[in-house]
*Asks:* 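What follows is a structure written as structure tokens; I'll ask about it next.
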Amino acid sequence: MQNTIAIVGRPNVGKSTLFNRLVGERKAIMDNQSGVTRDRHYGYGEWTGKYFTVIDTGGYVVGSDDVFEESIRKQVKLAIDEADVVLFMVDVDAGLHPLDEEFANVLRRYEDKKPIYLVANKADSTARFQAAGEFYALGIGTGDIFPISSQSGSGTGELLDAVISHFEEEGVEDPDAGIPRITVMGRPNVGKSSLVNVLLGEERSIVTDIAGTTRDAIHTRYNAFGNEFILIDTAGLRRKAKVDEDIEFYSNLRSLRAMEESDVVIVMLDATRGIESQDVNIIGLADRNRKGIVILVNKWDLIENKESNTAKEFEDKIYDMIKPISYPPIIFTSAVTKQRVHKAIETVMQVYENKRKKVPTSELNEVMLREIEAYPPPSTKGKMVRIKYVTQLPTHNPVFAFFCNLPQYVKESYTRYLENRLRENFDFTGVPIGIVYRKK
């Protein structure tokens, strides 16, 4: 990864606020409660013609009761290893804190390897600006302290001028452009982060048995089976009635936005709990947003006494619950034992290809006009509908226009027939199909 900046420091010093300012959008969740950011979180920014990647990290703590403490420390160290430049953030308003001194000792081992800038945040008045001098006592960094206000942006220009002086290359505006985006969604604690970590072969997301561990949508570039794609781990989606704190509300928003930006959605279910109403809601949401869908039934290793028809019964129950949606493939996996995890990704990539598939008009007419002749549209009020021609429209998702004499008389049941024939003949597994009728 080229031109990479990591923002590190103890909790609640404003790291996510600076991250959002540098990437130019509200990607990271911000809250006055410490410990909101837990995983490494990536975004892209630009300053005077140089492009860079920014990594936001969780607050570094030692000796607290927080069950995430050790995992956050690991994530912070991975971010520092990845970065070309490290921004060590402190809080002028709170003053020098023992955790700042503790963290400065951690950073010392990196001083010979990469530039470390001491960034004194919340310096939004003259008095606070001058108070930043006390952080010289930490004895770390390039020598200068950069007092800034990440909230208002003051001082960030001077900081970026210094930072980009270390970047020899211009960088890439958006290294993720044109790469398939796969979002992993589901209720809390179904195993989304475990699946992502298995695929990546590293702890990209923190995993615990506590529901709600992941709060932001975590984007990761991934390469498998000769395909490169972006894998997005999201916060578990609860029903609105159960979302009772700001952080979780914004987590839900981030998850939904991640879905809107994706090409294919992996909806994870918990095999031990079966399909629940919230799972049905998530699948329905992905369908309404015209996304490719793959359903993964996770924790299949925990189902005891599997009969040969257990999976089939499970499948039938899922399809029954999500009617009339019938196109998503269902795969039974275990993120813990890695059972069929790679099969899942192969299926996801096939769904992505199906979503982009363009059927030649000549082939489409040859096949579909034959199907229409075998079963013509039923007459309505004595009117005979005659379909003469079909073509695929130039849209992001497969949409087919059927040209006929009386579009208003085609029944919904016949539209379903045409959709099924399209799926059978051209394999649109996992992808919603649109059918429109035009007057010829």
Side-chain angles (χ1 to χ4, degrees), residues 182-192 195 211 234 236-242 255-256 259 262 264-335 339-341 343-348 350-352 354-355 371 375 397-398 411-435:
I182 317 299
T183 297
V184 185
M185 299 192 76
R187 287 180 290 103
N189 227 21
V190 293
K192 298 181 294 296
L195 173 74
T234 63
L237 283 176
R238 296 179 200 256
R239 291 200 313 276
K240 273 185 188 169
K242 293 198 173 178
S255 297
L256 295 173
M259 182 190 67
S262 66
V264 180
V265 176
I266 297 175
V267 181
M268 285 188 82
L269 313 185
D270 183 334
T272 64
R273 294 178 63 171
I275 183 164
E276 298 182 337
S277 59
Q278 182 63 348
D279 301 318
V280 176
N281 290 341
I282 293 168
I283 292 165
L285 204 58
D287 174 68
R288 285 197 298 280
N289 278 273
R290 315 303 285 163
K291 303 300 173 187
I293 304 173
V294 176
I295 298 172
L296 289 198
V297 181
N298 191 33
K299 308 185 187 180
W300 193 240
D301 55 311
L302 301 181
I303 300 296
E304 294 172 6
N305 307 319
K306 294 188 190 76
E307 304 292 334
S308 57
N309 60 348
T310 306
K312 178 75 173 72
E313 287 170 5
F314 215 104
E315 258 185 34
D316 291 344
K317 176 83 189 293
I318 291 170
Y319 285 129
D320 188 53
M321 289 278 285
I322 65 174
K323 278 179 183 170
I325 302 165
S326 60
Y327 57 84
I330 299 171
I331 298 168
F332 296 86
T333 68
S334 165
Q339 177 187 16
R340 283 191 285 278
V341 164
K343 160 84 173 156
I345 287 301
E346 283 177 336
T347 305
V348 165
Q350 186 56 56
V351 168
Y352 174 72
N354 290 349
K355 197 168 184 289
E371 296 282 11
Y375 178 53
N397 293 300
K411 292 184 174 175
E412 195 178 323
S413 57
Y414 194 74
T415 300
R416 281 200 298 275
Y417 166 77
L418 292 177
E419 182 184 331
N420 291 335
R421 297 292 79 76
L422 283 164
R423 289 188 183 285
E424 267 176 33
N425 286 292
F426 303 108
D427 185 16
F428 284 102
T429 303
V431 181
I433 286 178
I435 290 178

*Asks:* Would you confirm whether Lys291, through its side chain, and Ser262, through its main-chain N or O, come within 3.5 Å as a donor-acceptor pair?
*Replies:* yes
*Asks:* If I compare all heavy atoms of Lys355 with all of Arg290, which pair ends up nearest, and what's the gap?
*Replies:* CE-O, 3.6 Å
*Asks:* Go through it in stages, so that I can follow the logic: the residues are Ile293 and Val351, the test is side chain to side chain contact (heavy atoms under 4.5 Å, CB included), and I'd like the CA-CA distance, side-chain angles, deciding distance and then a yes or no.
*Replies:* CA-CA 8 Å; Ile293 304 173; Val351 168; over 6 Å; no
*Asks:* If every non-hydrogen atom of Lys299 is compared with every non-hydrogen atom of Ala271, which pair is closest and at what distance?
*Replies:* O-CB, 3.7 Å
*Asks:* Measuring from atom CG of Asp279 to atom CD1 of Ile318, what distance do you get when rounded to the nearest 0.5 angstrom?
*Replies:* 8.5 Å
*Asks:* Can you confirm whether Gln350 sits close enough to Thr429 that some side-chain heavy atom of one is under 4.5 Å from a side-chain heavy atom of the other?
*Replies:* no
*Asks:* Charged N to carboxylate O under 4.0 angstrom, Glu313 versus Lys317?
*Replies:* no
*Asks:* Angle between ring planes, Phe332 versus Phe314, binned at 30° and 60°: parallel, tilted or perpendicular?
*Replies:* perpendicular
*Asks:* For the CD1 atom of Ile282 and the CE atom of Met185, what is their distance to the nearest 0.5 Å?
*Replies:* 6.0 Å
*Asks:* Any chance the side chains of Asn420 and Glu424 put a donor and an acceptor closer than 3.5 Å?
*Replies:* no
*Asks:* How far apart are the C-alpha atoms of Asn289 and Val265, what are their side-chain angles, what is the distance that settles it, and do they pass the side chain to side chain contact (heavy atoms under 4.5 Å, CB included) test?
*Replies:* CA-CA 10 Å; Asn289 278 273; Val265 176; over 6 Å; no
*Asks:* Side chain to side chain contact (heavy atoms under 4.5 Å, CB included) for Phe428 and Asn397? Distances and angles first, verdict last.
*Replies:* CA-CA 11 Å; Phe428 284 102; Asn397 293 300; over 6 Å; no
*Asks:* Give a yes or no answer on whether the side chain of Asp301 reaches the backbone of Ser334 with a donor-acceptor pair at less than 3.5 Å.
*Replies:* no
*Asks:* State whether the side chain of Arg288 and the backbone N or O of Ile283 hold a donor-acceptor pair below 3.5 Å, judged by distance alone.
*Replies:* no
*Asks:* Rounded to the nearest 0.5 Å, what separation is found between the CD1 atom of Ile435 and the OG1 atom of Thr415?
*Replies:* 6.0 Å
*Asks:* How long is the straight-line distance from OH of Tyr319 back to CD1 of Ile275, given to the nearest 0.5 Å?
*Replies:* 10.5 Å
*Asks:* Can you name the nearest heavy-atom pair linking Val341 to Ala335, along with the distance?
*Replies:* CG2-CA, 4.4 Å
*Asks:* Answer yes or no: is there a donor N or O on one side and an acceptor on the other, between the side chain of Asn298 and the main chain of Met268, under 3.5 Å?
*Replies:* no
*Asks:* At what distance, to the nearest 0.5 angstrom, does CD of Glu419 lie from CZ of Arg421?
*Replies:* 10.5 Å
*Asks:* In terms of ring plane angle, is the pair Tyr375 and Tyr414 parallel, tilted or perpendicular, where the classes change at 30° and 60°?
*Replies:* tilted
*Asks:* Taking all non-hydrogen atoms of both residues, which atom of Pro398 and which atom of Pro432 are closest, and how far apart?
*Replies:* CD-O, 3.9 Å
*Asks:* To the nearest 0.5 Å, how far apart are CD1 in Ile433 and CZ in Arg423?
*Replies:* 4.0 Å
